[in-house]
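Have a look at the structure below, then the notes.
Proteins come first, then strands; the chains are lettered A, B, ... in the order of their sequence lines, and each starts at number 1.
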Amino acid sequence: MPVAASAIYFLNLRGDVLINRLYRDDVGGNMVDAFRMHIMQTKELGTCPVRQIGGCSFFYMRISNVYLVIVVSSNANVACAFKFVVEAVALFKSYFGGQFDEDSIRNNFVLIYELLDGKNYGFGYPQNLSPEILKLYITQEGVRSPFSSKPTDKPVPNATLQVTGAVGWRREGLVYKKNEVFLDIVESVNLLMSSKGSVLRCDVTGKILMKCFLSGMPDLKLGLNDKVGLEKESQLKSRPAKSGKTIELDDVTFHQCVNLTRFNSEKTVSFVPPDGEFELMKYRITEGVNLPFRVLPTIKELGRTRMEVNVKVKSVFGAKMFALGVVVKVPVPKQTAKTSFQVTSGRAKYNAALNCIVWKIRKFPGQTESTMSAEVELISTMAEKKSSTKPPIQMEFQVPMFTASGLRVRFLKVWEKSGYNTVEWVRYITKAGSYEIRC
Amino acid sequence: MAPPPQFQRSSSPSPSQPSGKSEISDLKLQLRQLAGSRAPGADDAKRELFKKVISHMTVGVDVSSLFSEMVMCSATSDIVLKKMCYLYVGNYAKGNPDLALLTINFLQRDCRDEDPMIRGLALRSLCSLRVTNLVEYLVGPLGSGLKDPNAYVRTVAAMGVLKLYHISASACVDADFPSMLKRLMLNDPDSQVVANCLSSLQEIWSAEANTSEEAAREREALLSKPLVYHLLNRIKEFNEWAQCLILDLISNYIPSDNDEIFDIMNLLEDRLQHANGAVVLGTIKVFLHLTLSMADVHQQVYERIKAPLLTLMSSGSPEQSYAVLSHLHLLVMRAPVLFSSDYKHFYCQYSEPSYVKKLKLEMLTAIANESNTFEIVTELCEYAANVDVSIAREAIRAVGKIALQQFDVNAIVDRLLQFLEMEKDYVTAETLVLVKDLLRKYPQWSHDCIAVVGNISSKNVQEPKAKSALIWMLGEYSQDMPEAPYILENLVDNWDDEHSSEVRLHLLTAVMKCFFKRPPETQNALGAALAAGLADFRQDVHDRALFYYRLLQYDESTAERVVNPPKQAVSVFADTQSSELKDRIFDEFNSLSVIYQKPSYMFTGKEHRGLTDISEELGNLSVEAHPAAEALPAQIYEANDVDLLLSTSEKEEVRGPVNNSSAYRAPDYDSTTAALVSSQVPLEADLSIPGLPAYNPQVSSAIDDLLGLGLSVAPTPAPPPLALNPKAALDPGSFQRKWSQLAISSSQEFCIEPRAVVALATPQTLLRHMQGHHIQCIASGGQPPSFKFFFYAQRAGQPPSFFLVECLVNSSSARAQVKIKADDGAAAGDFSALFQAALSKFGE
C-alpha cells in the first residue's frame, strides 16, 4: 500500500494548526497534540524526519516557517510520501505566486482544502498533482487576484475528462499568437576540496527547465552533445561521430511527457510538452567537471590571539564570461573580537551570527583572480585550547552561459501539424551547489 | 479577507472563549439573514461568511452550532459555496449524526446534478459523512456513481466504496460493491478509475480475508497473471502515484518462468528514468524481488539500479535523501561491494542535517574494503575533528567499526591513538571505548595502545562507558602499566564520587585482576574496594563484591583462575540483527520497515490492535492494560506512551545479552560463572516480593520428586521426530482466523521447573527461549503470577502445517496449561511433546 495518509497537518513553528485534514478514523482525533508533545517540544525536532509515536508514524518536513506533517498508521511508502509533500508544495507555490509560508497559507486556506481534498488526495491516496490540469477545475484563485473578480464559474466543459485523460499533462485547443519555447540548462556544481587542495568529491546535478507557449499538440525533439546520444546518431546515420566534446551523463530522469521507449531505443529526447513551465529532465555527472573557481586559502595563527587569513579566488572559465553574485564565506573562530580586511575587489564584512567573514563580489570576470587578506583578533579564553571545529570555506556564485559539465543543446525541433514557426531561446547557467573548501 | 484569529483550542477553555462565542452567534445571525436572500451579491457575502466559519473550524474552534444555518445556506448553484459547505459538513457530521440527516437531502439531489463536477463532489461528501446510521442513503448514489458516464464521478465512487467499507463493512459487501469494483477495474477505459478500484479492492479484501475464505481468494486473484498483465501493459497511462500503487502490487507477483521475468523487467526498465523518485524506488523493488531466485541477474540488477539510486540520493530534499539512504543501507548490507567504488558520494556536506550525515557514515562503514579504507578513514577523521559533537562521535565509532572489519588495522589504530591526543573530552571518551573493543579482538596491539592510554588522566574521562573501558584496560594490562595499581587505588578512594554502577562493577573486577598480577601494590586498593563494594546499596555491586570476597576466602588460586583466565581474542562480535530479520525487511522494501530497520509486524498499529483482539476474544487476562476505546483522547496518548515505553524497554532487554560488545559484558567475559551467579541473585530477590509466596526450590522439587510430577526427575523426553521450520511466519490476522477455525487437538496441564519460575521474572526470556526451539510468540501478556502466551510453529517440509498454542503459566503454583490447535491434527501429539520438551529446558 503506497501512502494511505490518515491525516495531514500544516503547523506553524509554534505548533498552531494552520490546516488539518483527517482522512481516516484509524488514528486518534488529535494526533497533532502527539506531534507537538513528542517532536516539536523536544530536542528530537530535526533529528529525524520520520518518527513513530504510539502506533502511528509521522513524516514531517519543514518548509520556510511551516511544518507539513503526514500521519499514517500502516507500513507506508516513505519515498512516496515525501515526494508527495514536495510536489504538493510546488503546487501550492504555483497557486500562491511562488510563496509558501504561514501567511500565504492563512490567506489561502480554503484553496488548500480544495486542493488537498479534491483531486490530489482521495481518502489518503495521492491522486493527481499536475498544476496545469488542476488549475482547470479548481475554482478558487490564489489570493493575488482580488477575490471579488468572478472566478470561472463553470469549468471548461470537459475539464473532468482532462483530469483523468491519457495525455494528462496537456489540454487540447491551446492557441498562441507567437509560438515560443524557452529552454534553460541549470547546473549546480558540488565540490568538496581537502585542505591540501585535492578534490575529494565533485559532481554536477543539472536540470533542463522549459517554458512552452505553443499552439496545438506540438512534438518536440531535443538533441544534446551527450555521448550516448551522439554515438547512437552516428550509428543510425552510419557516419563517424564528429570530433568535439561529448559528455557522459551518469544518470538521467525525465518528465513524464518524455517518450521513454523512444529514448531507450533511439536515445533521442522527444516529447509533447505541457503548457507553460516544467522540468524536462534531470541528470548527474561526475566525470570531467570543469570547476569554475579555484580557492586557495592560507590561514596562519600568530600566537594565541591573532590570526591571518588569506584567500585567493581564481576564475577559470572563459575570459569573455563573468560570474555574478559571488560570495565567499570564510569561517573564523567564535571568539573573534576584531577583524580588518584588504580586498582586491568586492567588499568583505565580518558576520558574527555566522561566525565568518563574508566576502561579496558582484561581478567576477573570467580568467582573473582576486584576493582577500584579513587579520583577525581573538578574545583570549582559557576554555578551549585549540579551535574546536573548523567549518569549510563555502562559496556561492552564478555563471551565466557556462556549464560545468560542458553540456550543450545541439538542436531543439518543434513539429506541429499546422506547421507554424517557433522561436527557441536557449540559456545556460551554472550555480554553486555545495561548494566547500576545507582549510 | 481577514486572517483567521489566533487560535484557542476549544478543548481548553481560555479567557478569549467568550468573545469566540459571541463571534459565533454573530455569524449565526448573519447566516440566517442570508439564507433566504436572493439579492444579487448574496453569494459573495455568503462566501465571506463561509470562509470565516471554515477558518474557525481549522483552528479548532467548535462551530458545529452553525450546522443548520450552514445547511440552509447551501441551497445554491455556486460551486465555490458548495465546496466550502461540503467541507464543513464533512467535518462535523460525525459528531452530529442527527443534524447530518439534514444534509442528506441536498447531497443526494446534487448527486443527480447535470454537472459531473457537482455529482462527483456531492458523492464524495456523502461518503465522508462517516455516520453509521446514514449508510442506507449511501448505497444508492454509490451504485449509480460507479456506473456514471463521467470518469471523474467513477473515480470518486471507487474511493467512496472504500469509505463505505470503513463505515460499515457489511453494508458494503452486501451491496456487492467489491465485485462491481472488480468489473470496473478490468474494463474501465480511464486509468485513474482503475487505480482507485485497485487500491479500494486491496484494502477491502485484505481486511475481509481474515474472516472469509472467498475474500482471501479474491486477494490472491489481484496477483493473477491476467490482471497483472492488464495493468502492466497500461502502466504508462497511469499517473505517477497510481504507478507506485501498481508497482507495489507487481512486486508481490510470482512469475511462472524466467522469460516472464525478463518480459516484465524489459517493460519496466524505462520507469527507472522517471522523474518521480517514488516510481523509481517502486520499480527497483519489483526488479529486486523478481530476480531473487536468479543470482547472476540479481547482481546485474544491482549494477543497473546503482546510478538511479545515487541520483535520487543527491537530488531532492534532505528528507527524501534520508529515505533513499535508508534503502541504500539495506542494499549495501546485501551487496557490500556494490558501492565500494562510489564511496565519495557518501561524503557528508557541511550543511546537511545530521540524520542524513549519520546514515552516510553508516554507509561509509558498510562499504569500506581493502581498496578504499584509507580514503574513507581519512575522511572520517576529518569529521571527528571538524563537525558537531554528535556526528564526531558517530565518525569515531565508524572508524572503530571499520577497524573491527579487519581492513588496514595498523593505520587505523594509529589514528585512534591520535584522537586520544586531540584532548577533547568526547573524542577521548568515544575512542577509549573503541580501543577497548579493538584490544579484545587484536591483543597484539596492546603495546602501542597501552602506552598512550596510560597517559590519560582518569579525571578527564567522565562518561561511564568510557570510564569503564579505561578501567577495564587498567585491570587487563596492569602488568604493562607501571601506574595501574595507583590509578586504580585513586579511583577506589573516590568510590563515592562515582555514581554509575557500571563503573563500580568494572572497578571491582579490575582491582581483582590487578591484584593477581601485582599483589603487594594492589592489596590496599583491593581491601578498600571490597569493603566499599560490600557496603554498596546497589544489589549487583554488593553481590559481586561479596562473590569476590568469598572466592578469595575459599582459595586464591581458584579465584585467580576465575578472574584472570587465559583469554582468547574475540574473532567476531555478535551481530545485532538476525539474517532472518534482514530478509523480512528486504521483503518490505520501499516502506517504513526500511527506515525503522524492523519488519512491519513490529510497529504497525494494525498489528497492535490484532493482539488486543486475540486477548479480548479468548482470554480473561488483558494484554493491553487499558481498553483504549473507552478512554478519553488524552488518556489514549498516555496509554500510547506507556505502550511505547514498554516496547522499548523490552527491546533493550532482548538486545542486552545478545550484544556482547557493550561495556557491561566486557569483564564478565572472563568470569562467566561470576556473572551468572551475580545475575541470579537479584532475580531471586525479585521473586521474594510480597504477593508471591516465598519459594524454596529445594523443597518444592523434593515435593515434586515425591509426587513424581517434577520434570526434573523424569529424564527430559527425547524430542520426537518432528522438525519445525525455523523461519515460520504468521501474521496476527491469520493467527486469529486459524485460532477461531481450528478445534483444540491437545490440551494439557503440567508442572514447570523452579528455575523456569525464576526465569519468568522476565517473561521475554521465555519468548527468546522458545524461539530457539523454532516456536514463535505472537502475543503475550499478564501480570505476575499469571502469564499468558500465544505461540505458533510451522512444520518444516511439505505440506507446511501450523501449530497454534495457547499457554497459561502460573508462576506461584508453578503450573502451565497448554492448549494446542493444529492444521494437521495427527501431528499435534508429537508437537505437544516437542513443546513440552522445549518448555522444560527453559531456565537452564
Side-chain angles (χ1 to χ4, degrees), chain A residues 2 16-17 19 28-30 34 47-50 52 54-57 61 73-80 82-83 86 106 109-110 113-114 122-123 125-128 139 147 155 160 163-164 166 168 192 200-201 205 250-256 260-261 264 282 284 389-392 434 436, chain B residues 3-4 7 51 54-55 58-60 79-80 83-84 87 116-117 150-152 159 162-163 190 192 199 237 239 241 244-245 248 270 273-278 281 307-308 311 314-315 317 319-320 322-323 344 347 349-350 355 386-387 590-593 595 600 603-605 608 633 636-637 640:
Chain A
D16 300 344
V17 182
I19 297 281
N30 242 339
T47 57
C48 182
V50 183
Q52 192 189 1
C56 295
S57 295
M61 247 176 151
S73 66
S74 59
N75 187 16
N77 179 339
V78 190
C80 198
F82 282 130
K83 180 71 187 173
V86 170
R106 283 194 191 279
F109 64 94
V110 180
Y113 275 126
E114 202 175 341
F123 203 35
Y125 287 105
Q127 307 259 298
N128 199 340
T139 49
F147 189 70
T160 52
V163 175
T164 55
L192 180 61
L200 292 175
R201 195 196 124 172
T205 54
D250 280 20
D251 187 45
V252 197
T253 57
F254 293 104
H255 186 270
Q256 56 170 338
L260 292 173
T261 328
N264 280 343
K282 270 192 294 208
R284 189 166 53 83
T389 57
K390 274 193 286 182
S434 121
E436 299 176 348
Chain B
F7 104 105
K51 272 195 171 186
I54 287 172
S55 82
T58 298
V59 297
I79 193 164
V80 181
K83 281 189 176 182
M84 285 197 268
L87 182 68
M117 187 73 78
N150 186 286
Y152 172 66
M159 250 330 143
L162 181 60
K163 293 183 192 174
D190 186 89
Q192 190 64 51
S199 36
E237 297 167 23
N239 73 35
W241 313 106
C244 292
L245 183 79
D248 198 57
D270 57 17
Q273 255 134 10
H274 200 281
N276 187 322
L281 265 182
T311 307
S314 53
S315 60
S317 67
E319 288 85 357
Q320 286 169 293
Y322 174 77
K344 286 188 177 173
Y347 284 4
Q349 286 167 18
Y350 187 74
Y355 52 84
N386 284 334
V387 282
N590 200 15
S591 73
L592 269 173
S593 314
I595 307 277
S600 62
F603 63 85
T604 47
H608 289 304
I636 292 178
Y637 294 125
N640 280 348

Evaluate the side-chain hydrogen bond (donor to acceptor under 3.5 Å, both in side chains) criterion for residues B:Ser593 and A:Asn75: first the C-alpha distance (whole Å), next the side-chain angles of each, then the deciding distance (0.1 Å), finally the verdict. CA-CA 7 Å; B:Ser593 314; A:Asn75 187 16; 2.9 Å; yes
Quick one: [atom1] on [X] to [atom2] on [Y], what's the gap to the nearest 0.5 Å?
X: A:His255; Y: B:His274; atom1: NE2; atom2: NE2; result: 8.5 Å
X: B:Ser314; Y: A:Arg284; atom1: OG; atom2: CZ; result: 5.0 Å
X: A:Cys80; Y: B:Asn590; atom1: SG; atom2: CG; result: 8.0 Å

Do you know the tightest heavy-atom contact between [X] and [Y]?
X: B:Leu281; Y: A:Ala79; result: CD1-CB, 3.3 Å
X: A:Ser57; Y: B:Leu592; result: OG-CD1, 3.2 Å
X: B:Gln320; Y: A:Val86; result: OE1-CG2, 3.5 Å
X: B:Glu319; Y: A:Pro49; result: CG-CB, 3.5 Å

Only counting residues at least two apart or in another chain, list the ones meeting salt bridge (charged side-chain N to carboxylate O under 4.0 Å, His left out) with A:Asp251.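 Scan of A:Asp251 (salt bridge (charged side-chain N to carboxylate O under 4.0 Å, His left out), adjacent residues dropped) gives none.
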Would you mind checking which part of B:Ile54 comes under 4.5 Å of any heavy atom in chain A, side chain (CB onward), backbone (N, CA, C, O), both or neither?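 It is both, since atoms from each part get that close.
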B:Tyr322 portion near chain A, given a 4.5 angstrom heavy-atom threshold: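 Contact with chain A: side chain only.
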For the pair A:Arg201 (side chain) and B:Gln349 (backbone), establish whether a donor and an acceptor sit closer than 3.5 Å, ignoring hydrogens and angles.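 No: the side chain of A:Arg201 does not pair with the backbone of B:Gln349.
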Side chains of B:Thr311 and A:Asp250 in contact at under 4.5 Å (non-hydrogen atoms):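 They are not in side-chain contact.
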Any side-chain heavy atom of B:Tyr350 within less than 4.5 Å of one from A:Ser434?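 B:Tyr350 vs A:Ser434: side chains apart.
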Side chain, backbone, both or neither: which part of A:Leu192 has a heavy atom under 4.5 Å from chain B?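 Side chain of A:Leu192 only, per the 4.5 Å heavy-atom cut-off to chain B.
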